[in-house]
Undergrad: 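This is the structure I want to talk about, given as structure tokens.
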Amino acid sequence: MQFLSARKILAPFLISVLLLVTSCGQNEASSSRWDQAQQESTQKPAGNAKQTADKSAAQTQNLPKKAVAGGKLNKYFPSSGGGFDRVFAQEKSGFAEAKLNKGGKNVAMLSINDIAGNPSAGTKFQQSTKKIGGYPAVNQGANITAVLVANRYQVKVQSRDPSFTASDREAWLSKFNLGGLASVK
């Protein structure tokens, strides 16, 4: 009889312990999966030839090896106004991004990217004849307009709605505090 009652108590106890151990193990694995994804997204691309080219470009541009913190870039974005709401969406080392909404609809994305970790990103501005706020500007496809500030910061406005035109993108680029951004080290 004692053996039967001990089995009735022991079985639920062992099942509870098993559930506790497996649930804790899954939380650890899923958090490390997201940590690994974040780490991979912020690392430099692999490949010796590309790294050598990036290093030589960084030396000619005198760029630091480490990008600034993304939170340091937020204050250079234009403010909400004129029926538009600016909502910060993402921030990581060397990058900050905000949504530009109008009437509850996302019409554009605004971003600042420190190219210190990827100096070759600035080469597309070398042939630029257009300037916005005194800085070289380029169109990237039909929906993106970008400027290069102080040979280090790529500032972009990307249309997300057909109503947000190239002239709107240029107007919003000129609303950034580009001069202040140029002084960030």
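Atom set for the values below is all heavy atoms of this structure, side chains included, hydrogens, waters and symmetry mates excluded.
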Undergrad: When rounded to the nearest 0.5 angstrom, what is the spacing between NZ in K99 and CD in Q90?
TA: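 It comes to 10.5 Å.
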Undergrad: Would you say R160 and V107 make side-chain contact, with heavy atoms under 4.5 Å?
TA: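 Side-chain contact under 4.5 Å: no.
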Undergrad: Could you label the plane-to-plane angle of the F84 and W172 rings as parallel, tilted or perpendicular, counting under 30° as parallel and over 60° as perpendicular?
TA: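 If you compare the ring of F84 with that of W172, the planes turn out perpendicular.
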Undergrad: Any chance you could lay out the salt bridge (Lys or Arg N to Asp or Glu O under 4.0 Å) test for D85 and K102, step after step, and finish with the verdict?
TA: CA-CA 6 Å; D85 293 319; K102 185 172 187 177; over 6 Å; no
Undergrad: Between I112 and Y76, does the side chain to side chain contact (heavy atoms under 4.5 Å, CB included) criterion hold? Intermediate values first, please.
TA: CA-CA 9 Å; I112 300 174; Y76 301 102; 4.1 Å; yes
Undergrad: Quick one: CZ on R169 to OG on S167, what's the gap to the nearest 0.5 Å?
TA: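 It is 8.5 Å, given to the nearest 0.5 Å.
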Undergrad: Looking only at heavy atoms, which two atoms of A137 and S128 are closest? And how far apart?
TA: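 Residues A137 and S128, closest heavy atoms: O-OG, 2.6 Å.
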Undergrad: How close do F125 and A146 get, counting heavy atoms only, and between which atoms?
TA: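 For F125 versus A146, the nearest heavy atoms are CE2-O, 3.5 Å.
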Undergrad: Find the distance between CG (N139) and OG1 (T145) and round it off to the nearest 0.5 Å.
TA: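 The OG1 atom of T145 is 4.0 Å from CG of N139, to the nearest 0.5 Å.
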Undergrad: Looking at every heavy atom in both A108 and V157, which two are closest together, and how far apart are they?
TA: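 So the minimum-distance heavy-atom pair works out to CB-CG1, 4.3 Å.
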Undergrad: Any side-chain heavy atom of R152 sitting closer than 4.5 Å to one from V68?
TA: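 Touching, per the 4.5 Å side-chain cut-off.
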Undergrad: Is E97 paired with K156 through a side-chain N to carboxylate O contact shorter than 4.0 Å?
TA: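 Judged by the 4.0 Å cut-off on N to carboxylate O distance, K156 and E97 do not form a salt bridge.
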Undergrad: Is it the case that more than 12 heavy atoms not belonging to K175 sit under 6.0 Å from its NZ atom?
TA: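 Buried by this count: over 12 neighbours within 6.0 Å.
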Undergrad: Give the minimum heavy-atom separation between S163 and D168, together with the two atoms involved.
TA: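 In this case the closest contact between S163 and D168 is O-OD2, 3.3 Å.
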Undergrad: With the side chain counted from C-beta on, respond yes when V155 and S111 share a heavy-atom pair under 4.5 Å apart, and no when they do not.
TA: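 No, side chains not in contact.
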Undergrad: Please examine the side chains of N151 and I115, heavy atoms only from C-beta on, and report whether any two atoms are closer than 4.5 Å.
TA: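 With C-beta onward as the side chain, the pair stays apart.
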Undergrad: Going by atom types alone, do S159 and D161 pair a side-chain donor with an acceptor below 3.5 Å?
TA: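 The answer is no; no qualifying pair exists.
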Undergrad: To check you understand the geometry: which heavy-atom pair defines the closest contact between S174 and A171, and what is its length?
TA: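 Smallest interatomic distance, heavy atoms only, reads OG-O, 2.7 Å.
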Undergrad: Any chain of hydrophobic side-chain contacts (each under 4.5 Å) joining M109 to F176?
TA: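 They do not share one cluster, since no chain of ILVMFWY contacts under 4.5 Å joins M109 to F176.
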Undergrad: N177 side chain to G180 main-chain N or O, any donor-acceptor pair under 3.5 Å?
TA: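 Such a contact is found between N177 side chain and G180 backbone.
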Undergrad: Looking at every heavy atom in both L173 and I132, which two are closest together, and how far apart are they?
TA: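 It is CD1-CD1, 3.9 Å.
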Undergrad: I'd like to know whether Q154 forms a side chain to side chain contact (heavy atoms under 4.5 Å, CB included) with K124, so could you lay out the CA-CA distance, the side-chain angles of the two residues, the decisive distance to 0.1 Å, and finally the verdict.
TA: CA-CA 11 Å; Q154 182 174 251; K124 63 183 162 255; 2.9 Å; yes
Undergrad: Rounded to the nearest 0.5 Å, what separates atom CD in Q158 from atom CD1 in I144?
TA: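 Going from the CD atom of Q158 to the CD1 atom of I144 covers 4.0 Å.
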Undergrad: Would you indicate whether the side-chain heavy atoms of V147 and Y153 approach each other to under 4.5 Å?
TA: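 With C-beta onward as the side chain, the pair stays apart.
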Undergrad: Less than 4.5 Å apart, side chain to side chain, heavy atoms only: is that true for F95 and D114?
TA: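 A side-chain contact under 4.5 Å is absent here.
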Undergrad: Contact between V138 and Q140 at the side-chain level, heavy atoms closer than 4.5 Å - yes or no?
TA: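 Yes; the side chains approach each other to less than 4.5 Å.
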Undergrad: Under 3.5 Å, is there a donor on one side chain and an acceptor on the other for R86 and S79?
TA: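 No, no side-chain donor-acceptor contact under 3.5 Å.
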Undergrad: Determine whether N143 and F164 make a side-chain contact, defined as any pair of heavy atoms from C-beta on separated by less than 4.5 Å.
TA: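 No, side chains not in contact.
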